[in-house]
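Notes follow the structure.
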Amino acid sequence: MKTLMLGNEAVARGLYEAGCCFVSSYPGTPSTEITECAAKYEEIYAEWAPNEKVALEVAFGASLAGRRSFCAMKHVGLNVAADPLFTISYTGVNAGLVIGVADDAGMHSSQNEQDSRHYARAAKLPMLEPSDSAEALAFAKLACELSERFDTAVLLKMCTRVSHSQSVVETGERVVPERKKYEKNPGKYIMMPANAKKRHPVVEERTRALKAWAETAEINRVEPGQDSSMGIVTSSTSYQYVKEALGDTYPVLKLGMIWPLPDQKIRDFAASVERLVVVEELDGFIEAHCRNLGLAVSGKEMFSDIGELGQNLVREKLGSPAKTGPELEETIPGRPPVMCAGCPHRSIFHVLKKMKLTVLGDIGCYTLGAVPPLGAIDTTICMGASVSGLHGFVKAGEEENAEKTVAVIGDSTFIHSGVTGLINIACNESDATVVILDNSITGMTGHQQNPTTGYNLKGDPCTKIDLETLCRAVGIRRVRVVDPYDMEACETALKEELAVKEPSVIISRRPCALLKYVKHPGPICADPEKCKGCKACMSIGCPAISMADGKVKIDATLCVGCGVCRQLCRFDAL
């Protein structure tokens, strides 16, 4: 049956058809929907793990037990999973193991713009790179087969445009291979130095075998063109830009396996054209490989290694008139992301700013606390870095920093990698105050469950991690809970905890305003007669509040009635 599917949805379908039985992932845009879609198949066990490292280790365990398995993450998540990734390359697998990683060129929802292809080369693992939904489905199935054929984990690299665009796929039936029996093999699976030394040559021989396979693989194909004055090597979404911009004008070498690359196929293609050009997003990965082969090649002098490419850019750089849409008469103002109306994080950031505190931030919805008019965050690095960084900042600055510095971290991010930082604070005894912003869900990536919510990926009740008990268990004696809608209570808690000479945790607890089960009192009414136009209510940056003719105006379609703005108005106008 033919149907439209998102790229991520198609990956999940491919896993289903390949007989994958086990999925463990951590949500991260643009990869999240793969796991959510896989969970809809009753035949696939799917879960959210606390972080990507755990997810990969869990998926490896399922592979070891003889079931085809998968884990997904975004590009920065692969950094977290790198530790098991490199060693799993040495051990190989039992049943098929596929690792999905989604890059985010353009940084639509990410803190950096790294290129995951380097991981494939560094870890010496094969990587497939689909360019549309049909290939996403087919490559997911192929990845399972290659994993078992070559005894290796296989990386399946997606990107924002392929993950979140729709194209036609043709679905097939699910075929579940016979479960592979686990057999003890210490030399293969116990990576102590003596065994690891013997496994490294196996990895190198496997790479040579994969390279030979890549030479004749159908996923690496040459598409003929009318003009051989130029030949284009490309892959992924860049291939779509090339075909839309240039059609069949020039020959194209379309690479579906991005590592290891087919050296002879590239050489033969280069020999068939007068000029060789590589079109790829981010780093010059293919281009550098071509240069290492001794080929004259163009690429990054035309196409930047920053941000996304596009059809018009390809047309312009490769000598074809660029097609542009009609120009607008007016410039559209920018619309920076803001916290939702009623977001429980907004008020705590207003208090932090009011107190002129240094705030070490983390990854999640609350990162938007850095955006004006709140502007309350000083740093954002990676998952968990706020807690660890706070310890160093306080230790280095002693009492001066301890009395005016906090870390903020969400409940899901705290479980992901904040706990270890808090353990470090406890055992090394810094007077650090950590604020856990508990909105009862993993918010930024679309309301996924986490270990603190009490529900699993399927929505079934499960063990709920108690944050207060967890913080006390790791050695924090001062743990208190506040309602972020009560700004006076939040300020009092912060002043008291910053004043003590020991570690402390403040849990700011209020469910995400967008959760379906959260009931709101309804919109607040504005009284223009009482409003003095002081704009104090505007200081929280709520999208439901605006000014019209010098008076406050409340958008009743957005306002949930949280009451935070009321606490700012001295004239009872709200």
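What you are looking at is a predicted structure, and each value in this text was computed from that prediction instead of being measured.
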What closest approach, in Å, do L15 and A140 show between heavy atoms, and which atom pair accounts for it?
N-CB, 4.0 Å
Working to the nearest 0.5 angstrom, can you tell me the gap between Y455 OH and D460 CG?
10.0 Å
Before you tell me yes or no, could you show the steps for V98 and L155 under side chain to side chain contact (heavy atoms under 4.5 Å, CB included), namely the whole-Å CA-CA distance, both residues' side-chain angles and the distance that decides it to 0.1 Å?
CA-CA 6 Å; V98 180; L155 289 158; over 6 Å; no
Is a donor on one side and an acceptor on the other found under 3.5 Å between the side chain of T405 and the backbone of N401?
yes
Q311 and Q240, any side-chain heavy atoms less than 4.5 Å apart
no
With no hydrogens and no angle check, just 3.5 Å: does a side-chain donor-acceptor pair link S110 and K74?
yes
Close side-chain approach of I306 to E113, heavy-atom, < 4.5 Å:
yes
In Å, rounded to the nearest 0.5 Å, how long is the span from CD1 of I44 to OH of Y16?
8.0 Å
Has H108 got a side-chain atom pairing as donor or acceptor with T160's backbone, closer than 3.5 angstrom?
no
Ignoring hydrogens and geometry, is there a side-chain-to-backbone donor-acceptor pair from S31 to G28 under 3.5 Å?
yes
Below 4.0 angstrom, N of the basic side chain to O of the carboxylate: do E43 and R174 qualify?
no
Side chains of H75 and D115: donor-acceptor distance under 3.5 Å anywhere?
no
Ionic contact status for E496 with R480, cut-off 4.0 Å:
yes
Smallest separation among heavy atoms of A49 and S24, with atom names
CB-OG, 3.6 Å
Ion pair E403/K495, N-O distance below 4.0 Å:
no
Go through the side-chain N and O atoms of E36 and Q448 and say whether any donor and acceptor fall under 3.5 Å apart.
yes
Show me the pairs that pass ring-ring contact (aromatic ring centres under 6.0 Å, His included) and involve residues 349-381, at least two apart or across chains.
H345-Y366
If only side-chain N and O atoms count, and only distance matters, is there a donor-acceptor pair under 3.5 Å linking S430 with H391?
yes
First locate atom CD of E47, then atom SG of C462, and finally report the distance between them rounded to the nearest 0.5 Å.
10.5 Å
Gap between atom NZ of K354 and atom CG of L374 - 0.5 Å precision:
14.0 Å
Which value, rounded to the nearest 0.5 Å, describes the distance between Q114 atom CD and L78 atom CG?
7.0 Å
Pair S167, D132 - check side chain to side chain donor-acceptor pair (under 3.5 Å), show working.
CA-CA 7 Å; S167 59; D132 60 18; 4.8 Å; no
Just one of D438, D466, D483 clears the salt bridge (Lys or Arg N to Asp or Glu O under 4.0 Å) bar with R509, so which one?
D438
Whether the side chain of K458 engages the backbone of A39 through a donor-acceptor N/O pair (distance < 3.5 Å, no angle test) should be reported.
yes
Which atom names give the shortest non-hydrogen contact between V560 and P521, and what distance separates them?
O-CD, 3.3 Å
Note: K530-D572 ion pair, threshold 4.0 Å (strictly below)
yes
Using a 3.5 Å distance criterion without hydrogens, assess whether the side chain of K404 forms a donor-acceptor pair with backbone atoms of L357.
no
Check for a donor-acceptor pair, side chain of T367 on one end and backbone N or O of G364 on the other, with a separation under 3.5 Å.
yes
Could you report the tightest heavy-atom contact between T35 and S25, atom names first, then the distance?
OG1-OG, 2.7 Å
Pairing donors with acceptors under 3.5 angstrom, does anything connect the side chains of S238 and E281?
no
Let's go through S508 and Y485 carefully: what are the C-alpha distance in whole Å and the side-chain angles of both, what is the deciding distance for side chain to side chain donor-acceptor pair (under 3.5 Å) to 0.1 Å, and is it a yes or a no?
CA-CA 9 Å; S508 170; Y485 282 177; over 6 Å; no
Will you find, in the side chains of T358 and D378, an N or O donor that is under 3.5 Å from an N or O acceptor?
no
K395 side chain vs N428 backbone, donor-acceptor pair below 3.5 Å
yes
Distance (rounded to the nearest 0.5 Å) between E502 CD and D431 CG:
8.0 Å
Kindly indicate, with the supporting measurements, whether the criterion side chain to side chain contact (heavy atoms under 4.5 Å, CB included) is fulfilled by V408 and L360.
CA-CA 6 Å; V408 293; L360 277 63; over 6 Å; no
Could you tell me which non-hydrogen atom of I363 sits nearest to which non-hydrogen atom of T413, and how far apart they are?
O-OG1, 2.9 Å
Indicate whether any N or O donor in one side chain lies under 3.5 Å from an N or O acceptor in the other, for Y517 and S440.
no
Salt bridge or not between R472 and E468? Use side-chain N to carboxylate O under 4.0 Å.
no
Please report the C-alpha distance between D362 and T380 in whole Å, then the side-chain angles of each, then the deciding distance to 0.1 Å, and finally whether the side chain to side chain contact (heavy atoms under 4.5 Å, CB included) criterion is met.
CA-CA 5 Å; D362 225 289; T380 300; 5.9 Å; no
Does a side-chain heavy-atom distance below 4.5 Å link M5 with T171?
yes
Determine whether D104 and S109 make a side-chain contact, defined as any pair of heavy atoms from C-beta on separated by less than 4.5 Å.
yes
4.5 Å side-chain heavy-atom contact, S347 and P484:
yes
In sequence, state the C-alpha distance, the side-chain angles, and the governing distance for M487 and V564, and then conclude on side chain to side chain contact (heavy atoms under 4.5 Å, CB included).
CA-CA 8 Å; M487 290 196 289; V564 171; 3.8 Å; yes
Are any non-hydrogen side-chain atoms of I545 and I540 less than 4.5 angstrom apart?
yes
Worked check of side chain to side chain donor-acceptor pair (under 3.5 Å) between T442 and N450
CA-CA 7 Å; T442 307; N450 68 64; 3.3 Å; yes
Assess the side chains of D103 and S116: does a donor N or O sit below 3.5 Å from an acceptor N or O?
yes
Output, in order, the C-alpha distance, side-chain angles, deciding distance and verdict of side chain to side chain donor-acceptor pair (under 3.5 Å) for T433 and S504.
CA-CA 5 Å; T433 299; S504 60; 3.1 Å; yes
Looking at side-chain heavy atoms only, is the closest gap between I409 and L437 below 4.5 Å?
no
Do the side chains of I415 and L470 get nearer than 4.5 Å, heavy atoms only?
yes
What pair of heavy atoms forms the shortest contact from C471 to F414, and how long is it?
SG-CZ, 4.0 Å
